[in-house]
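Order of the sequence lines sets the chain letters (A, B, ...), proteins ahead of strands, with each chain counted from 1.
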Number of protein chains: 2
Amino acid sequence: MMQFYKYFLMCTNDTGNFFYIWSMKIKESKAETLFDQDKLVPGQSIDCVIIGFENNELKVLIQKLMNLNKWVVPGGFIFKDEGMDHAAIRILKERTGIDLPFLEQFKTFGDTDRRKKAESMKVYKSFNISGPALDWLQQRFITTGYLSLVDINKCSIQSDSLSDESKWVSLDKIPQLLFDHNQIVDSAIDYLKNQLNYLPVGIEMLPKKFTIKELQNLYESILKKPLDRGNFQRKILKLDILVRHEKHLAGGAHKAPFLYSFDHEKYNKLLEQGFGFNS
Amino acid sequence: MMQFYKYFLMCTNDTGNFFYIWSMKIKESKAETLFDQDKLVPGQSIDCVIIGFENNELKVLIQKLMNLNKWVVPGGFIFKDEGMDHAAIRILKERTGIDLPFLEQFKTFGDTDRRKKAESMKVYKSFNISGPALDWLQQRFITTGYLSLVDINKCSIQSDSLSDESKWVSLDKIPQLLFDHNQIVDSAIDYLKNQLNYLPVGIEMLPKKFTIKELQNLYESILKKPLDRGNFQRKILKLDILVRHEKHLAGGAHKAPFLYSFDHEKYNKLLEQGFGFNS
DNA sequence: ACAAAAGTGTTTATAATACACCCATGA
DNA sequence: TCATGGGTGTATTATAAACACTTTTGT
């Protein structure tokens with residue numbers, strides 16, 4: 001589905017520090033930034049659960065670690081002079097190409113056994129990492145999970161130096177992930193469901209113009225239960241956050257639905273107080 | 001109001017590492033644990049916002065740093081072999097004496113400027129800390145905020161080696177706190193309000209037996225708005241989580257209210273789905 | 001013309017809201 | 001006995017839920 005150049009760079013400097021390329025535009029074939037562990041906050045990482053909506057299904061972006069059959073949620077480290085939220089935005093931009101993402105911290109994971117030593121050893125050995133770099137990577141890590149809601153069609157997924165494949169998988173087909181990443185994803189989904197009334201799911205995950213049926217499908221996917229068609233329509237229209245456009249005539253043998261877009265100003269104002277679809 | 005022995009121990013070992021006593025039972029006048037920075041997760045701390053309810057007011061526990069006129073929310077560090085939640089429970093126990101506290105992570109704070117260098121320098125200088133220990137404490141810190149709900153009357157507040165005064169202050173009289181601790185407290189209050197329907201506020205913050213009026217006052221304090229007396233009573237009774245006891249005859253010149261206690265089993269079952277007082 | 005899905009309408013049940021009434025208690 | 005706040009009742013309104021009817025489209 002996706003085409004990209006595999007590009008990989010890894011080296012160790014004379015002090016034994018671990019250097020690696022953390023971001024590169026594959027198409028331009030050049031590294032954007034090079035840094036070493038001295039510039040990173042130790043023991044602290046960020047993991048991004050990126051959720052999109054495609055073919056009436058919620059999907060999460062996962063990446064396969066290079067040379068290994070291990071899937072992970074995209075993550076990264078924090079620069080010592082960089083705020084945590086900023087780091088999350090940076091990491092996300094590298095993976096999706098999206099510039100102003102919706103991004104929200106949802107939980108911090110700090111169990112001692114969240115990264116099994118044996119498991120991480122296998123990973124880092126496969127990258128030929130050893131010495132101080134290995135020590136640094138093998139230290140106890142606490143990670144903060146960020147939830148991002150995106151429009152899959154706007155994402156040009158890029159791989160990076162550590163992974164050789166990226167894909168969107170529907171929530172009920174997530175394979176076993178590295179470390180505690182399954183738990184991190186589950187936690188993000190819970191957060192999405194619980195905070196639904198305060199999250200801009202429609203504006204972030206749907207294309208600019210959409211039908212009410214599509215919006216309903218999105219809500220149903222998140223809530224994991226069917227909603228009444230008529231009631232949904234009436235309720236969402238009553239909120240006065242949608243702008244009606246021309247009819248969408250592409251569909252099947254049935255009445256053509258209207259296309260709508262969000263009135264961003266009204267939508268955001270309403271989000272502050274929250275609005276609900278519990279039924 | 002509270003009586004305690006001031007007890008303070010601080011030293012530096014031959015490698016320049018910073019040793020300090022992080023916990024002691026003041027009454028028993030002995031240190032429970034001694035540790036140094038080599039055993040701590042670097043750059044990661046925990047801050048506890050402990051909320052109680054007294055005289056119809058929500059109150060938060062703050063402590064004054066020894067030798068300084070600086071107030072903070074009780075916090076601490078994490079052992080390298082200790083889970084983050086466990087660290088929070090440990091820290092909380094030292095400060096309140098409560099054994100099985102309600103404790104929940106609410107947010108992680110990772111801005112680069114959350115600890116002003118100048119401010120922290122003043123603090124650590126006042127403790128005569130220098131060398132590697134100072135470096136360790138001056139590093140970039142990311143902190144995870146934990147919310148704890150307690151019954152103030154069950155807390156025997158203990159001070160520790162770093163502070164010489166602890167007190168409960170009502171939420172609208174919080175003084176200026178060190179670093180970003182005001183922001184941390186505000187964030188905790190927001191969380192409490194938002195998650196109200198899923199938090200065991202009644203069970204944690206009220207005494208075993210209480211009147212419905214007291215419970216209503218608690219909810220009103222959190223929501224910051226008055227609730228209808230009759231409706232509140234009917235609604236809470238309909239939930240079938242209260243056990244009615246004898247009448248409370250201490251009050252004023254009026255009909256004596258019943259005392260109630262929670263049916264913990266039913267209460268906890270109901271909490272999972274959440275129950276609301278939005279009005 | 002017909003099936004399918006959109007758009008709209010209607011009825012019923014449930015919950016929120018406001019406020020009224022009577023009761024028990026201590027001063 | 002009277003002021004005070006507790007317990008309960010009721011009427012009104014708003015929202016949720018279920019489902020029926022009509023309209024528009026492609027085949």
Side-chain angles (χ1 to χ4, degrees), chain A residues 55-56 193 196-197 202 206-207 209-261 270 273-279, chain B residues 55-56 193 196-198 202 206-207 209-262 270 273-279:
Chain A
N55 297 130
N56 278 343
K193 192 174 172 183
L196 180 56
N197 293 346
L206 291 181
K209 292 184 179 179
F210 51 88
T211 64
I212 289 192
K213 180 67 181 168
E214 289 173 318
L215 184 58
Q216 184 184 336
N217 286 337
L218 174 57
Y219 273 92
E220 287 179 334
S221 298
I222 296 170
L223 292 169
K224 281 187 207 152
K225 65 176 173 184
L227 302 174
D228 181 275
R229 192 175 55 86
N231 294 337
F232 184 87
Q233 179 127 352
R234 211 173 314 102
K235 194 164 173 179
I236 195 87
L237 288 176
K238 203 176 158 193
L239 292 175
D240 190 33
I241 55 172
L242 294 183
V243 182
R244 179 178 280 191
H245 297 284
E246 74 283 10
K247 286 199 172 186
H248 177 62
L249 288 161
H254 54 77
K255 187 170 179 177
F258 286 102
L259 284 174
Y260 292 86
S261 65
L270 200 60
Q273 59 184 81
F275 62 93
F277 291 94
N278 311 306
S279 65
Chain B
N55 298 128
N56 278 342
K193 193 175 172 184
L196 180 55
N197 293 346
Y198 305 91
L206 292 180
K209 292 184 179 180
F210 51 88
T211 64
I212 288 193
K213 179 67 180 167
E214 289 173 318
L215 184 58
Q216 184 183 337
N217 286 337
L218 173 57
Y219 272 91
E220 287 179 334
S221 299
I222 296 170
L223 292 169
K224 282 189 205 148
K225 65 176 173 182
L227 302 174
D228 182 275
R229 190 174 57 84
N231 295 336
F232 183 88
Q233 179 125 354
R234 210 172 314 104
K235 192 163 174 180
I236 195 87
L237 289 176
K238 202 176 160 194
L239 291 175
D240 190 33
I241 54 171
L242 294 182
V243 183
R244 178 177 281 191
H245 297 283
E246 74 283 8
K247 287 199 173 186
H248 178 62
L249 288 160
H254 55 77
K255 188 171 177 176
F258 287 102
L259 284 175
Y260 291 86
S261 65
F262 284 104
L270 201 60
Q273 60 184 81
F275 62 94
F277 291 94
N278 310 307
S279 63

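- The listed nucleotides are C:dA27, D:dT25, D:dT15; the one nearest the side chain of A:K247 is D:dT25.
- B:R244 pairs by the side chain to side chain donor-acceptor pair (under 3.5 Å) definition with B:Y260, not counting sequence neighbours.
- Computed from coordinates, the B:R229 CZ to D:dG9 C1' distance equals 12 Å when rounded to whole Å.
- Judged by distance alone with a 3.5 Å cut-off, a donor-acceptor contact links the side chain of B:R234 to the base of D:dG9.
- Atom-to-atom, NE2 of B:H254 to P of C:dT25 comes out at 11 Å; the value is rounded to the nearest Å.
- For B:R244, taking side-chain heavy atoms from C-beta onward, the closest of the listed nucleotides D:dT8, C:dC19, D:dG26 is D:dT8.
- As a whole-Å value, the separation of B:K225 NZ from C:dA16 C1' is 11 Å.
- The nearest whole Å value for the distance from the CD atom in A:Q233 to the C1' atom in D:dT22 is 14 Å.
- The side chain of B:K255 lies closest to C:dA24 when the candidates are D:dT24, D:dA20, C:dA24.
- A donor-acceptor pair under 3.5 Å is formed between the side chain of B:E220 and the backbone N or O of B:L227.
- Here the C1' atom of nucleotide C:dC21 and the CG atom of B:N231 are 15 Å apart, to the nearest Å.
- Rounded to an integer number of Å, the gap from CZ of A:F232 to P of C:dG7 is 12 Å.
- The listed nucleotides are C:dA3, D:dT8, C:dG7; the one nearest the side chain of A:P257 is C:dG7.
- Applying the 4.0 Å criterion to OP1 and OP2 of C:dA16, one finds that B:K235 has a side-chain N or O inside that range.
- Every ring pair (Phe, Tyr, Trp, His ring centres under 6.0 Å) that B:F262 has, sequence neighbours left out, goes to B:F210, B:Y267.
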